[in-house]
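Below is one structure, written out as structure tokens; comments come after it.
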Amino acid sequence: MARYALYFTPAPGSPLERFGASVLGYDAYTGATLDAPPLAGIDIEAWRRGTEEPRRYGFHATLKAPFRLRDGATPDQLRDEARRFGRGREPLAVGRLALTKLGSFLALVPEAAPESLGLLAAETVAAFEPYRADLTPSERARRLAKPLPPRQTALLDRWGYPHVFEAFRFHMTLTGPLAPDEQARWADALRALAPLDEPLVIDALTLLVQDAPERSFRVLDRFPFEVAL
């Protein structure tokens, strides 16, 4: 059964989007597989292993995590909701990004995240919640394979994802879990290619679909934030 997600994805063709797609070897806008980027000190096999997990999702920042549609909900309704969500909403200036280690993986995160970024994520979670089917027992069990704190377990049960509201942290994942002795080498290679000088502006909400568990997420549409004149 298909799953849908609401992400921030950089505009297609932008330096940040090209960087992220190249690192992951996958373009979520076109569904194309891409050749390995020139990562100094990282061979092809290490690159494939290191990016296998995030490649399925494409380069993004999660706002509403993947979910199945509840009975009666349709993809067209999601599109309409995303279009409404963007209307009257101003682009959000996030500032510069930094390459950071989050646990055992590497990601781009804001140097200084504005409070409005957490509010945008919270509003996205709430706005699309009416379309989300409840977690199945197996889906919940997968999320709890690594034990969560009680509050995050409660968020999982209420919203289908544990990293929402106060547990939210904006990040754009570049690798899967890396061994400790790999992390510095990967960080140096990625930092040499990352377009970190340009401040990030969140200017749209992107709707993606995963048609089957073995398939990667692909973009259905990107809905700009537009203030009516």
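Hydrogens, waters and symmetry mates play no part in the numbers below; they use all other heavy atoms, side chains included.
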Report yes if some heavy atom in the side chain of P110 is under 4.5 Å from a heavy atom in the side chain of L117; otherwise report no. yes

Within this structure, what is the OG1-CG distance for the pair T100 and L106, rounded to the nearest 0.5 Å? 8.5 Å

Does P38 offer a backbone N or O that forms a donor-acceptor pair with the side chain of W47 under 3.5 Å? no

Transitive ILVMFWY side-chain link L16 to L92, under 4.5 Å: yes

Under the side-chain contact (heavy atoms from CB on, under 4.5 Å) criterion, do L200 and F8 qualify, and how do the steps go? CA-CA 11 Å; L200 176 66; F8 167 71; 3.8 Å; yes

Keeping the roles fixed (side chain from E139, backbone from T136), state whether a donor-acceptor pair exists under 3.5 Å. yes

Identify the two heavy atoms, one from L69 and one from A133, that lie closest to each other, and give their separation to 0.1 Å. O-CB, 3.6 Å

Quick one: do D27 and R18 make a salt bridge, cutoff under 4.0 Å? yes

Locate the shortest heavy-atom distance separating L102 from R169; write the atom from each residue and the value. CD2-NH1, 3.1 Å

Out of curiosity, L178 CG to R49 CZ, how far, rounded to the nearest 0.5 Å? 10.0 Å

Tell me, do F19 and L196 make a side-chain contact under 4.5 Å, heavy atoms counted? no

Whether K64 side chain and V125 backbone form a donor-acceptor pair below 3.5 Å: yes

What pair of heavy atoms forms the shortest contact from P37 to V23, and how long is it? CG-CA, 3.9 Å

Sub-4.5 Å side-chain heavy-atom contact between V109 and L97: no

If two hydrophobic side chains count as joined below 4.5 Å and joins carry through other members, does L205 share a cluster with L220? yes

Would you compute the distance between atom CG of L78 and atom CZ of F223 and round it to the nearest 0.5 angstrom? 9.0 Å

Is it the case that one hydrophobic cluster holds both L148 and L135, taking links as side-chain heavy atoms less than 4.5 Å apart, direct or via other members? yes

Counting only N and O atoms by type, is there a donor-acceptor contact under 3.5 Å from the side chain of R215 to the main-chain atoms of Q210? no

Just so I know, are the side chains of L190 and T175 near enough to count as touching, which here means a heavy-atom distance under 4.5 Å? yes

Any ion pair linking E81 and R84 (charged N to carboxylate O, less than 4.0 Å)? yes

Are E129 and R132 close enough for a salt bridge, meaning some N to O gap below 4.0 Å? yes

Side chain proximity check, P10 to M172, heavy atoms < 4.5 angstrom: yes

Please give me the minimum heavy-atom distance between P114 and A93, naming the atom from each residue. CG-O, 3.7 Å

Atom CG of D35: over 12 foreign heavy atoms under 6.0 Å: no

Over 60° means perpendicular and under 30° means parallel, so classify the ring planes of F85 and F225, tilted if in between. tilted

Would you call R89-E123 a salt bridge at under 4.0 Å N-O? yes

Look at the rings of Y4 and F67 and say which category their plane angle falls in: under 30° parallel, 30 to 60° tilted, over 60° perpendicular. tilted

Grouping I, L, V, M, F, W and Y whenever their side-chain heavy atoms are under 4.5 Å apart, do L120 and L108 come out in a common cluster? yes

Answer yes or no: is there a side-chain heavy-atom contact under 4.5 Å between F59 and L174? yes

Where do R218 and D211 land on the side-chain contact (heavy atoms from CB on, under 4.5 Å) test, with the steps shown first? CA-CA 9 Å; R218 58 182 174 82; D211 295 312; 3.2 Å; yes

Considering all heavy atoms of both residues, which atom of T206 and which atom of R222 are nearest to each other, and what is their separation? OG1-CG, 3.3 Å

Tell me, do H163 and T62 make a side-chain contact under 4.5 Å, heavy atoms counted? no

Could you check whether the rings of Y57 and H60 sit parallel, tilted or perpendicular, using 30° and 60° as the cut-offs? tilted

Give the cluster check for L119 versus I202: same hydrophobic cluster or not, with ILVMFWY residues linked at side-chain heavy-atom distances below 4.5 Å. no

What verdict does the side-chain contact (heavy atoms from CB on, under 4.5 Å) test give for T51 and W186, after you've listed the backbone C-alpha separation in whole Å, the side-chain angles of each residue and the deciding distance to 0.1 Å? CA-CA 11 Å; T51 57; W186 271 87; 4.0 Å; yes

Could you please spell out the steps behind the side-chain contact (heavy atoms from CB on, under 4.5 Å) verdict for T153 and R140? CA-CA 10 Å; T153 300; R140 185 177 187 273; 3.8 Å; yes

Distance (rounded to the nearest 0.5 Å) between Q183 CD and K101 NZ: 5.0 Å

Aromatic rings Y131 and F128: how do their planes relate, parallel, tilted or perpendicular, breaks at 30° and 60°? tilted

Specify the closest pair of heavy atoms between L207 and R79, including all atoms of both residues, with the distance to one decimal. CD2-CG, 3.8 Å

Are any non-hydrogen side-chain atoms of E17 and T9 less than 4.5 angstrom apart? no

Take a 6.0 Å sphere around CD of E214 and say whether it holds more than 12 heavy atoms from other residues, nucleotides or ligands. yes

Hey, does the side chain of Y161 reach the backbone of P66 with a donor-acceptor pair shorter than 3.5 angstrom? no

Around E111, counting heavy atoms of other residues, nucleotides and ligands shown, do more than 12 lie under 6.0 Å from its CD? yes

